[in-house]
Structure formats: C-alpha cells, structure tokens
Amino acid sequence: MVITIDNTNVEVLEGETLLEVARRAGYTIPSLCYAKGARHKSSCMVCAVKNCSTGQIIPSCTTTPVGGMQIETDSEEVRLVRTLSLELLLSDHRADCEAPCTLVCPQGLDIERMLGYYDADRKKEAYDTLAAAFSLPEIACDNCKAPCEKACRRGTVDEPVSIRVIIREVAGMADAESAAMEMSFPKPDKKAFLSRLGRFTEKERTFLKVNIHSASNCLHCACSGRGDCKLRYYSTLQGIKRSRYEASSALPAMTKIHIVGNLWYEQAKCIRCGLCVYNSENGFTFRDRGFGMQVVLPEENRKNIKEELAELCPTGALYRI
C-alpha cells in the first residue's frame, strides 16, 4: 500500500501507524504520548497531521494508514494545532525547568546544582560546579548585587537561601581542588522554553515551610527530569518561550513521591499521557475522569514498579536521580 506524505509517495509496511510510516521515511513528527514499542493511546495531539483527502486533523500515533491518503506534516495549520496542544499541556504542568537563581546568575553558575551537592554533603562536586563558573580561588560575588537571592523561591516561603555565604564556604574548601578546572557542566539554554511554576498557594507555602529543610534551606525547584523532557524540547522547537495560558493545575507543586530505588514521581508535572499506566502491570492507574483526572500509584502497587518506567515519561513527572 502506498500513501502520500508531503507530496511524496511512501510505502506502508504491515502493522505500522501513520507516525511510524512517516518517521521511517525521514519525516520529523513530534509526539509525547507515544513511545516506540510501548502500549499507548493518543491523548496529546502533538503528533497531529492533516489528512488532505478528508480535511481532518488526525493523531498520527494511532491512525492506521489507508490507501490513497494524502498527508501534510508541516503546514502552517498543522504547526498551529501542535503549538496550541503544547500550550494547553503546559498550562497543566506546574514546574520550573531551571531554578530562578541559576537563570539570573551573571556568571552562569548552576546554583541549584551546587546547592544540591552541598546538601548531599558531596562537597567535592559542589566545589567542581563552582569551579566551572569561577576562576577559583577568586569568586565574583563580593561586588554582585545578589540577584540570585532576590530570585530565590525560598524567599516566597520564608527567607531566601544565603547563597553567597554558601558559595564562599564551598570556595574555601582547599582539599577539593583536584582537577576542578577541567570540569564543565551544562548551563541553562536561554533560548529554550522555560516553564512557569506560578505563585505558591498559601497551603503550598505552609507545606514547604514545614517539610522542606536541608543544610542550605534550598527548595531545589529546578526540574530533576528536565534533561529528558520532551515537553520542553518540543515546546522549544515550536518557538514557545512561555505558555500563553496561566497555570491551571490544582495539584500541589513540588510534592515529590519516592517510588522505589532512585525513582521519584511529581504529580504536578504529569500530562496524563498514560504511558506509565498502560506499561505497568498493577502499577500506576487513572483516578477520576475528564479535566480532574489524575495519574496515581496505589500504595499496594508500588512493589510492581521498575525504575526503567521513567524512560517512557515525556516530562519530568517520573524520573530517576
């Protein structure tokens, strides 16, 4: 069987979906609720294409090709549908890709990463992160107006983290100097999409004030799963810098649930694609329906979850650390 994709004839192999046909032929179509070889159902419409034979916009990840189909994958209309779909998903995704402190640091220091090492008592790695941005033993904080502390999300809960004090402490660890200057760490891409957590509710501020404590007092609000986040990647490709919609999720931000081993789950980042539900036996499941639907893990099902499930999650909702 042959179909037409962007005015080119393409042969369809048995059992392929439209998305699989197009990708095999070299066409780039984004997708979030699809993963190769995994059970899935269409939900996100990020893989939308147009069937010019009928005039319909269809999800390519679950559509079975029909002989004579004429498919558009990159028209202005198709790109608009994908952009709108992404923006709607982003409005229900409460997270910050990067910590505000890191974004405003004039030296490009990954402050949240450094504080993460500091809180884990991994002082050598904290020093190496600092050395990647500063020419130690000199630091650039003495004459800085500390935009990092002004941007610190902890300051909206009680008091901002004393970032400069910690930087000076880490910089003074002379026993950590080995090969530090050779190391480098990825810095936030200012051109990439940066999600918007929004303001904490009063209930969230109370929860965070009572429950989140560490040596630095940092909330660690950067997304731990941002490195593999398809939602951010495709939003960046579509030219989305910020969602046009305010955050609509009622789920509590930064509530991190330990699943098993190194696997964690943050429900507020979930776009309810269902990949973790369809590909875990007696594991994750849906609760409620419609707009209020949530992906949850009953306590008795926790033992059935494997860390590898994180590889299917298209956002930072399910991740390994």
Side-chain angles (χ1 to χ4, degrees), residues 15-23 27-51 54 56-65 71-73 77-95 193 195 223 225-226 228-238 240 243-245 247-251 265-298 301 305 308-319:
E16 286 185 314
T17 63
L18 188 54
L19 176 66
E20 291 164 344
V21 174
R23 286 184 172 177
Y27 295 93
T28 301
I29 299 178
S31 63
L32 294 177
C33 62
Y34 165 89
K36 188 174 181 179
R39 294 190 295 273
H40 76 286
K41 295 182 181 179
S42 61
S43 63
C44 69
M45 285 301 292
V46 175
C47 70
V49 295
K50 183 175 181 178
N51 183 2
T54 63
Q56 293 178 310
I57 298 291
I58 55 177
S60 61
C61 70
T62 54
T63 299
T64 301
I71 300 298
E72 279 185 349
T73 70
E77 182 180 8
V78 168
R79 289 194 298 272
L80 176 61
V81 170
R82 292 175 184 168
T83 298
L84 290 174
S85 297
L86 286 166
E87 288 180 331
L88 288 171
L89 291 170
L90 290 165
S91 72
D92 202 29
H93 177 78
R94 291 202 66 200
F193 168 81
S195 57
C223 178
R226 65 190 181 275
D228 298 318
C229 181
K230 293 181 181 178
L231 180 60
R232 185 187 192 191
Y233 175 73
Y234 287 129
S235 295
T236 300
L237 285 185
Q238 292 298 116
I240 303 173
S243 174
R244 73 176 74 185
Y245 305 109
S248 60
S249 174
L251 295 173
Y265 177 54
E266 292 186 51
Q267 195 181 53
K269 298 177 183 177
C270 176
I271 61 171
R272 299 169 295 199
C273 68
L275 282 170
C276 64
V277 175
Y278 306 133
N279 294 278
S280 62
E281 299 295 335
N282 294 320
F284 284 91
T285 186
F286 291 117
R287 183 171 67 193
D288 299 328
R289 295 185 178 183
F291 185 76
M293 184 175 68
Q294 299 176 25
V295 174
V296 298
L297 179 65
N301 293 1
I305 301 299
E308 291 74 19
L309 196 62
E311 297 172 9
L312 296 179
C313 184
T315 71
L318 194 62
Y319 60 91

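Hydrogens, waters and symmetry mates play no part in the numbers below; they use all other heavy atoms, side chains included. Here the structure is a predicted model, which is why all the values come from computation and not from measurement. Nothing fancy with the numbering, it's 1 onward along the sequence.
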Ignoring hydrogens and angles, tell me if any N or O in the side chain of [X] forms a donor-acceptor pair with the backbone of [Y] under 3.5 Å.
| X | Y | result |
| --- | --- | --- |
| His93 | Leu231 | no |
| Arg94 | Ala268 | no |
| Ser60 | Leu18 | no |
| Arg232 | Cys229 | no |
| Asn282 | Asn301 | no |

Taking the side chain as C-beta and beyond, is there a heavy-atom pair between Arg23 and Ser31 under 4.5 Å? yes
Roughly how far apart are [X] [atom1] and [Y] [atom2], rounded to 0.5 Å?
| X | Y | atom1 | atom2 | answer |
| --- | --- | --- | --- | --- |
| Tyr234 | Leu237 | OH | CG | 7.5 Å |
| Ile271 | Asp92 | CD1 | CG | 9.5 Å |
| Gln238 | Leu84 | CD | CG | 10.0 Å |
| Cys313 | Tyr265 | SG | OH | 8.0 Å |
| Thr62 | His40 | OG1 | NE2 | 6.0 Å |
| Thr315 | Leu89 | OG1 | CG | 9.5 Å |

Validation: residues 283-291 side-chain donor-acceptor distances under 3.5 Å, sequence neighbours left out:
from: Arg287; atom 1: NH2; to: Gln294; atom 2: OE1; distance (Å): 3.0

Identify the two heavy atoms, one from [X] and one from [Y], that lie closest to each other, and give their separation to 0.1 Å.
| X | Y | result |
| --- | --- | --- |
| Val46 | Pro30 | O-CG, 3.4 Å |
| Leu86 | Ile240 | CB-CD1, 3.9 Å |
| Met45 | Val81 | O-CG1, 4.5 Å |
| Arg272 | Gly292 | NH1-C, 4.4 Å |
| Ser42 | Cys33 | CA-SG, 3.7 Å |
| Lys230 | Leu32 | CB-CD2, 3.5 Å |

Under 6.0 Å from the OH atom of Tyr233, do we count more than 12 heavy atoms belonging to anything else shown?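 Count not over threshold, so no.
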Does Glu281, at its CD atom, have more than 12 non-hydrogen atoms belonging to other residues, nucleotides or ligands within less than 6.0 Å? no
Does Thr17 form a side chain to side chain contact (heavy atoms under 4.5 Å, CB included) with Thr64? I'd like the steps, not just the answer. CA-CA 5 Å; Thr17 63; Thr64 301; 5.9 Å; no
Determine, step by step, whether Tyr319 and Glu266 satisfy the side chain to side chain contact (heavy atoms under 4.5 Å, CB included) criterion, reporting the C-alpha distance in whole Å, the side-chain angles of both residues, the deciding distance to 0.1 Å, and the verdict. CA-CA 9 Å; Tyr319 60 91; Glu266 292 186 51; 2.9 Å; yes
The side-chain contact (heavy atoms from CB on, under 4.5 Å) partner of Tyr34 among Ile29, Leu312, Leu275, Leu19 is Leu19
Going through the distances and angles, do Thr73 and Val78 end up as a side chain to side chain contact (heavy atoms under 4.5 Å, CB included)? CA-CA 7 Å; Thr73 70; Val78 168; 5.9 Å; no
Should Val49 and Arg82 be marked as a side chain to side chain contact (heavy atoms under 4.5 Å, CB included) after you check the CA-CA gap, both sets of side-chain angles, and the distance that decides it? CA-CA 9 Å; Val49 295; Arg82 292 175 184 168; 3.8 Å; yes
